[in-house]
Amino acid sequence: MKKLFYLILFMLALVSCKDHIGIETFSNKSKMVVYCFPTVSDTTYIEVSQSVPVRNYVDSVKIAYLDHAAVVYSVNGLPKNVVSLGKGYYRVIGKQKVGDKVSLQVSSDGLPSVSASTVIPDTVALSPVEVRKVSLYDSDYGNTENYDQLVATFTNEMGRHCYYAVRVRVKHYGGNAVGYFDHGESRQLFSDYQDYERKKNARDWDSLKVVFTDSIYSYPRIDTKSEDLLMPMSDIDDAFGFSNDFYQNFCIFDNASIKGKTYTMHLNVSSCDRCDFAKTYQIELIRLTPEYYHFLQSLNEIKNNEMARNGLSQIRPTISNVFGGLGVAGGWNTARTNWTKKE
């Protein structure tokens, strides 16, 4: 009810406003769209397609990938071999390092040529992860949720405006644990590794056996209530239809408030074990170039602005640093903590 009340007030405030945006103001020509995100790995992928003019757009339109574009990819001025993989993807093989400048030029018949450049940033070291158990009240649902809180510290650079993303990586294990007693005549199965840790000293066992089998990875959603760097929303933001979700659980922030400081992050993820036998946690702190950060920021703003998505306000366009076209070339680099088992 409170959200509806604020929305009505907002709409009444706009009654006297008038803004005309004609379809004729948009270009009716296609542009090349290029995405490239180089890092210190030895393989870089480039995606090349073409935009669809607004005049020609329909709900059923398909992305027009370009398989025969001329792609020039250079590292510190030296061209690298580029291989077309089909469906608009191109691959570059070659080790890259911190500080390398990557330049990109792409041309294709019937479309203006484009160019872009970026650099590969350095990483920031993280302390080992500490896992805590916390409970937070959820005002939307009126209940208390249990979380595993991952705590890690890093020291930010002094005098530079830096951009980051953080995410939690979880390794989910299968397996089993069993304890034998009464001279091997009896046994007890443990429900999971935590159950084993709690009970392994409860009696004098003849033997204990723990087996870890296969594992899979996931990147869970981070609840931002305990971390100011991830910009938790105010009540007024919530009332006007804004949310605080991050694209692909890639939580971005900058260092404007922590330049030169040692900072401790508090990242909450659901404590639900998904029937895992055991799981371990790792934090990834990703250093982003400014263009990559602002591109992700624009995606988040589109996703989180419910009013814009329902036609009640304008949608901010995504950021691009591709000269002559659309898309982004953004460098990044990842620092990872060691794996920490949930006890």
Side-chain angles (χ1 to χ4, degrees), residues 36-44 95-100 102 118-132 134 147-172 217-232 244-271 279-300 319 328-342:
C36 180
F37 304 102
T39 185
V40 293
S41 69
D42 56 6
T43 304
T44 303
K95 188 69 175 177
Q96 296 163 155
K97 63 183 184 300
V98 171
D100 281 349
V102 176
T118 188
V119 297
I120 298 177
D122 202 353
T123 57
V124 178
L126 279 164
S127 70
V129 177
E130 178 186 352
V131 182
R132 304 171 180 173
V134 298
Y147 294 93
D148 293 333
Q149 184 178 87
L150 278 65
V151 179
T153 299
F154 70 99
T155 300
N156 187 55
E157 288 189 39
M158 174 70 77
R160 291 187 61 187
H161 196 168
C162 301
Y163 302 91
Y164 301 96
V166 65
R167 57 184 181 178
V168 173
R169 192 182 190 194
V170 185
K171 187 186 292 186
H172 306 268
Y217 298 99
S218 71
Y219 287 97
R221 178 183 178 273
I222 296 175
D223 185 282
T224 61
K225 291 187 182 69
S226 301
E227 184 45 71
D228 291 338
L229 281 180
L230 302 183
M231 301 173 292
N244 192 40
D245 294 327
F246 291 92
Y247 179 74
Q248 303 255 341
N249 296 326
F250 210 60
C251 300
I252 61 173
F253 63 94
D254 66 8
N255 71 337
S257 62
I258 58 170
K259 286 183 180 179
K261 298 179 181 178
T262 296
Y263 186 84
T264 300
M265 295 183 293
H266 300 80
L267 309 176
N268 301 331
V269 297
S270 174
S271 61
K279 62 182 177 181
T280 57
Y281 287 114
Q282 183 183 68
I283 292 178
E284 296 182 346
L285 183 62
I286 302 110
R287 181 81 169 267
L288 305 172
T289 55
E291 56 272 11
Y292 197 175
Y293 171 85
H294 291 300
F295 171 71
L296 292 170
Q297 186 181 47
S298 62
L299 292 180
N300 291 339
I319 300 298
V328 66
W332 59 289
N333 204 349
T334 303
R336 297 179 175 89
T337 65
N338 292 329
W339 290 101
T340 299
K341 188 179 271 82
K342 178 181 177 181

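In this text the structure is predicted, and so the values were computed from the model without any measurement.
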List the residues meeting ring pair (Phe, Tyr, Trp, His ring centres under 6.0 Å) with Y163, not counting sequence neighbours, and say none if there are none. H161, Y293, H294
State the [atom1]-[atom2] distance between [X] and [Y], to the nearest 0.5 angstrom.
X    : Y    : atom1 : atom2 : result
C251 : R221 : SG    : CZ    : 8.5 Å
N300 : Q297 : CG    : CD    : 7.5 Å
E284 : R336 : CD    : CZ    : 4.5 Å
N333 : R287 : CG    : CZ    : 9.0 Å
Q149 : K225 : CD    : NZ    : 12.5 Å
T123 : F154 : OG1   : CZ    : 12.5 Å

Shortest non-hydrogen contact from [X] toward [Y]:
X    : Y    : result
V166 : I283 : CG2-CG2, 3.8 Å
P121 : V98  : O-CG2, 3.8 Å
E291 : A329 : CG-O, 3.3 Å
A335 : L126 : O-CD1, 4.0 Å
Q96  : P38  : NE2-CB, 3.9 Å
F253 : M265 : CZ-SD, 4.5 Å

Any donor and acceptor pair, going by atom type alone, linking the side chain of [X] with main-chain N or O of [Y] inside 3.5 Å?
X    : Y    : result
N249 : I222 : no
S298 : I319 : yes
Q282 : T337 : yes
W332 : I286 : no
N255 : C162 : yes
T118 : G331 : yes
K279 : K341 : no
S218 : P220 : no
T340 : E130 : no

Do [X] and [Y] have side chains that approach each other closer than 4.5 Å (heavy atoms only, starting at C-beta)?
X    : Y    : answer
N156 : V124 : no
L288 : L296 : yes
S270 : D223 : no
T289 : V119 : yes
V269 : Y281 : yes

